[in-house]
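All ligand and atom numbering here is 1-based and tracks the order in the structure.
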Amino acid sequence: MGRAKKVVLAYSGGVDTSVCIPYLKQEWGVEEVITLAADLGQGDELEPVREKALKSGASESLVADVKDTFVKDYAFAAIQANALYENRYPLGTALARPLIAKILVETAEKYGADAIAHGCTGKGNDQVRFDVSCAALNPHLKILAPAREWGMSREQTIAYGESFGIPAPVKKSSPYSIDRNLLGRSIEAGVLEDPTFEPPEEIYLLTKAIADTPNEPEYIEIGFHRGIPTTLNSTPKNPVELIEQLNQVAGNHGIGRIDMIENRLVGIKSREIYESPAMLVLINAHRDLESLTLTADVSHYKRGIEETYTQLVYNGLWYSPLKAALDAFIQSTQERVSGVVRLKLFKGNATIVGRWSDNSLYTPDLATYGAEDQFDHKAAEGFVYVWGLPTRIWAQQGRK
Ligand code: ARG
């Protein structure tokens, strides 16, 4: 008896997920492997990937273009939550996993499979995101993770694959581990494992080195409707287009590089490099528009919610009940977050230089130091007295 009869495998076309196909069948007695490659805007040609799965022994090879859903339902939600893990990482990889899990489960249900599989190892966050998301969406499906158990080195994995006709990678495979999609690139391993070592310029693809960026600043305007970015320089953009263009425009000015030591859920600290121009610019702009349109208390309270939200997403709990509850809170805050933010892109910085909204709470008559001032200065006196009363009493007591 094998571990499962029919399996839907998350497939990338790389060595590990290709080797998973014969491995599941030979070692774990799986009868049929259906592969599913998600198009998340990683820029790979997916037709060769589709064919490679069949050559590697898949009974069926599927490709799903989920770019639009990815941006609309995952990236935009994260922007509304101003989600930056450990204050820096805009979750490009973490956001893709629950969507891949969702289509894996849908496919398993459609094809009557009894398990889903993925090629994650036991050291990363992605295994958690896949396993927990799949369990949340269909707790009856088994989850198989061959690479978590097979204990083969890179060389052994390639040799195992070759014995089943899976060609070794043609170009000398990259010394880095790279995950890429519309939201950016995540780069780790190789020389980057030394946290004192400056990342070599060759690892970057979406962002220019500052020395090569334009010597003139570029101004852009991003329009939001209820916390969702909808226009670039007054032109309406569909979600995917907006992200692609912003990656290009901001990356051209060297914006979007992150070099950090990150705390993984599995307890390991890792050195991660990210390029995520569009997401960083959008989160900054969105946060700024909130500062104009939300009341102080909602804005301050939301920061705590954002922190929890970000950790849930990073830690694989996208489909958890707490996440759903936080979503409801965040949605209710976004009702008036509409308007435009103007930014200046120059030499690695996206500086916010202006913002406006029909729902602005900024009140010139109250804010001004000029003659038009409408603020009741007299009223401040009593307010300050009452506000400071507990502290005054505390101080008096301390002097006794
Ligand atoms: N550390 C990031 C995360 O957990 C990115 C991992 C990306 N994977 C990779 N092979 N580089 O979301």
Using the six-membered ring of Tyr314, assess whether NZ or CZ of Arg264 lies under 6.0 Å from its centre and within 45 degrees of the ring axis.
no
Provide the number and element of each atom of ligand 1 under 4.0 Å from a heavy atom of Ser186.
5 (C), 7 (C), 11 (N)
Does a donor on one side chain sit under 3.5 Å from an acceptor on the other, for Lys347 and Thr213?
yes
Before giving the answer on ring-ring contact (aromatic ring centres under 6.0 Å, His included), spell out for Phe329 and Tyr301 the whole-Å C-alpha distance, their side-chain angles and the decisive distance to 0.1 Å.
CA-CA 10 Å; Phe329 172 86; Tyr301 193 83; 5.7 Å; yes
With a 4.0 Å cut-off on heavy atoms, is Tyr274 in contact with ligand 1?
yes
Counting only heavy atoms closer than 4.0 Å, does ligand 1 sit against the backbone of Glu262, its side chain, both, or neither?
side chain
Evaluation steps, side chain to side chain donor-acceptor pair (under 3.5 Å), between Glu218 and Asn252
CA-CA 10 Å; Glu218 178 174 353; Asn252 187 45; 4.7 Å; no
Winner among Arg97, Arg129, Arg180 once heavy atoms are compared against atom 3 (C) of ligand 1
Arg129
Atom 12 (O) of ligand 1: the protein heavy-atom neighbour that sits closest, reported with distance to 0.1 Å
Tyr89 OH, 2.6 Å
protein heavy-atom neighbour closest to atom 4 (O) of ligand 1 works out as Asn125 ND2, 2.8 Å
Should Glu244 and Gln248 be marked as a side chain to side chain donor-acceptor pair (under 3.5 Å) after you check the CA-CA gap, both sets of side-chain angles, and the distance that decides it?
CA-CA 6 Å; Glu244 282 175 343; Gln248 212 279 320; over 6 Å; no
Which ligand 1 atoms are under 4.0 Å away from a heavy-atom of Thr93?
5 (C), 7 (C), 12 (O)
Is there at least one pair of N or O atoms, one from Glu272 and one from ligand 1, spaced under 3.5 Å apart?
yes
Considering only protein heavy atoms, which is closest to atom 11 (N) of ligand 1, and at what distance to one decimal place?
Ser177 O, 3.1 Å
Using distance alone, with no hydrogens and no angle criterion, decide if Tyr274 and Glu262 have a side-chain donor and acceptor under 3.5 Å apart.
yes
Any N or O of Asp126 closer than 3.5 Å to N or O of ligand 1
no
Report, as yes or no, whether the 6.0 Å neighbourhood of atom CD on Glu201 holds more than 12 heavy atoms from other residues, nucleotides or ligands.
yes
